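Reminder, nothing fancy here: chain letters follow the sequence lines and each chain counts from 1. Quick caveat: nothing in here was measured; it's all calculated off a predicted structure.
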There are 2 protein chains.
Amino acid sequence: MDFVIFGGSVVTMSERGIIRDGAVVVEGDTIIDVGRSDEIRRKYPRYEKIDADGKVIMPGLINAHQHAAMSLLRGYADDYPLKEWLEEWVWPLERHMTGYDIYVGALLTAVESVIGGTTTINTMYHYMEDHNEAMAIAEVGLRGVVGHVCFSWRKEQDIKALEDSARRWHRGADGRIRVSVDPHAPYTVDPEYMRELRAVTRELNEKYASAEAPVIWHIHLAETSDEAQKIRESFGIYVPDGIVDYMDALGVLGGDVVAAHCVHLTPKDIEILRLRGVKVAHNPISNMKLASGVSPVPKLLKAGVTVALGTDSPCSNNSADMFEVMKFAALLHKGVNMDPTLLPAGTVLRMATIDGARAILWDREIGSIEVGKKADIIIVDFRKPHLCPLYSEVSHLVYAAKASDVETVIVNGRILMENRELKTVKADEVMEMARKTQEKLLERLREMR
Amino acid sequence: MDFVIFGGSVVTMSERGIIRDGAVVVEGDTIIDVGRSDEIRRKYPRYEKIDADGKVIMPGLINAHQHAAMSLLRGYADDYPLKEWLEEWVWPLERHMTGYDIYVGALLTAVESVIGGTTTINTMYHYMEDHNEAMAIAEVGLRGVVGHVCFSWRKEQDIKALEDSARRWHRGADGRIRVSVDPHAPYTVDPEYMRELRAVTRELNEKYASAEAPVIWHIHLAETSDEAQKIRESFGIYVPDGIVDYMDALGVLGGDVVAAHCVHLTPKDIEILRLRGVKVAHNPISNMKLASGVSPVPKLLKAGVTVALGTDSPCSNNSADMFEVMKFAALLHKGVNMDPTLLPAGTVLRMATIDGARAILWDREIGSIEVGKKADIIIVDFRKPHLCPLYSEVSHLVYAAKASDVETVIVNGRILMENRELKTVKADEVMEMARKTQEKLLERLREMR
């Protein structure tokens, strides 16, 4: 479908800034023109029109760290110490998850993402051949990087899963899906395996990828303060200078690595992240909920590191709501550093859009509204009491707008939601699938206990 | 109207806990029965029915610290240092606000509050005789404590406003409105005036109040770290032992005082708050946005101090969204104290309901769903992807539910919103009034500059 969205404030996230009474023209999967409504309407008289009067037209939000399938555990266990939460609650339930369960969980997160204006998710979970997160993302029409998470204890299984995921899904679903290689963390992936995964990534890139659409890395890094100790316990390696320094010594860091969390960093760590071009996925809500600590985001930004935003799993958040993440990110660093000028609204909005795209090396195609980019666009209805009056679109988007204000969502030129009505999937059916899956999971858990 | 709400999970916030497939019976302005759906439906066959299947029935949220009129400044100025924000942005605009502007701003906040499930607001602003916040709250059908904020520089005007507000509004609008006496802060109200306001409060209580419906105090306390210094500069008084200690020495603290913020407290301050029964209104979002610091809420709770939750003004938040405040409160203290067990969901839900009612001395009538209490009830629709699957209603209410999930809002037995449709006020008209008021304010500001 070719169409013109007109009459709204186009928050381009490019150097063109905000175009008031602006319009965006979509042909196929691509943005072919951006400008002022009057000019555009004259130029494209025969195109279908979407009226965005009183609304904001902006790039879809990019969730740079997610475990989509874990929506099935939303609210299953909260407010526990981390070790108890993982060992007594999350892991026992996860052990009973089948490929189909993972698919259903990811389907639910995909639906929640679309409804909330997120058009791309970078998700790390167990890839299974029969069912997986990629299937769910493809089905709903979302864009995503789907990773298989790797652990030392299952190398053979991992390599097989990585190969299968790349062969079947990389650049699949009209180019909406890419895959990644996801070493779980420096303390669960031994140094040898870490290096081996680098080699595997090179091979997968040679076989299935292009320079414009690479297979990237996605890893948990420096989330908690005890990772050096865990590495010592697991691998007998002494980490004297920070986790990033340790990883760098393995020679595995580069511009294609999305490092989630980066909470516990030394000054040297930050310098290495900058030097290697590693991208950080900051998850303020999850870090606060799990009490991991506060990432030194202002310092990372000052150093010039690309910082994107993520929700983390719906089990440690408990939402897939990127508007909420923007507000938390903007406020957390002001609060703990006692400096109200840190992370101003414009910076945070970039983190959730164009810098998210940069993080997953997809910024040639998404992250801003520019001619030639893929049409990943959301329309946010500003005609709401809580968005009134209006002084600044950017302020409202970060501090006042809610996921529920997103009215229309377009990914790759396809309308996934229009006037809050889903077009590609029935939310009721997905919720019913999730409930049934939840029941079976709890049943299996009871049987085993 | 007499009616039965049935079929939902009744989160009572009383010792009855959660009643699944429960029902609540409302006669006039009062809850007359609470129980299981089947029994209640047999008992009240002729009452009108509201089906809450798949939903949560709970007490309306109580916003314990608000400046309702300031919605007009939402997003007007963000990310500035506090002094610049106040002196160059907020105060110049506020100086041009008329009584009518204040009424319109409060109307907008009242609408936003209802839509988001807040049924009571405790608001502090300038009371004017011609138009004021009380009018707006009464008109929309909300419940509220409306305070007039007092400063040393306008004693005479204040005393007149306090007398007028109490005479005209205390226990007004079918008992939905009460008034409070609001000394702005220890550094803007001199010791003599502070004591005088205590005497004024006693007089107002004798003239207009009852023991069950007292005129209370509402004050900013220990919001920023420089209050002791400001007191020294303004009044030449040395404050050696914390702001609360200073206030206590004036003899003005008691169980009828709602102290907003309480960020910078000494251990002695906390002990005094407990001893005097002072109630704390915690505003995590505003404290983070203005970089005031983090209130020691876990310590306050441990000491047995009643802590309620507030949004603070829509200018420092920028929402009137109590669901958002609950999530921020639950996560902030876990995050900064690195302890995921702090402020569990159940505690936070109490802070936003029954403890909010306790804070404003209104808990005999509101804050929980109990027979004999006023019918301030909200119905939250849980049939949403982001609230699926369900393990715990309380977890979802704090960590996953959004203001936009509130479907029906009842205050004093009157339905203010049903299936998200406002019944007492037209949101479009209020937004139009707010926009016109904004224009005129900016015009007046330009003329003066």
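- Side-chain contact between B:Tyr399 and A:Asp78: present, with at least one pair of heavy atoms (C-beta onward) separated by less than 4.5 Å.
- Electrostatic pairing of B:Lys384 and A:Glu112 does not count as a salt bridge here, judged by no charged N lying under 4.0 Å from a carboxylate O.
- Both the backbone and the side chain of B:Ser319 come within less than 4.5 Å of a heavy atom of chain A.
- In this structure, A:Asp79 contributes its side chain and B:Ala345 its backbone to a donor-acceptor pair below 3.5 Å.
- A:Lys289 places none of its side-chain heavy atoms less than 4.5 Å from the side chain of B:Pro340.
- Here the side chains of B:Ile115 and A:Pro385 are in contact, with some heavy-atom distance below 4.5 Å.
- Contact check on B:Arg383 versus A:Asp428 returns no salt bridge, with no Lys/Arg side-chain nitrogen under 4.0 Å from an Asp/Glu carboxylate oxygen.
- Residues of residues 329-337 of chain B having a heavy atom under 4.5 Å from any heavy atom of chain A, listed by number: B:Leu331, B:Leu332, B:Lys334, B:Gly335, B:Val336.
- Side-chain contact between B:Arg74 and A:Leu390 is absent, with no heavy atoms from C-beta onward closer than 4.5 Å.
- With a threshold of 4.5 angstrom between heavy atoms, B:His386 approaches chain A through its backbone and through its side chain.
- Using a 4.5 Å heavy-atom threshold, the side chains of B:Lys327 and A:Glu324 count as touching.
- Comparing B:Ala403, B:Pro81, B:Ala77 by heavy-atom pairs within less than 4.5 Å of chain A, the highest count is held by B:Pro81.
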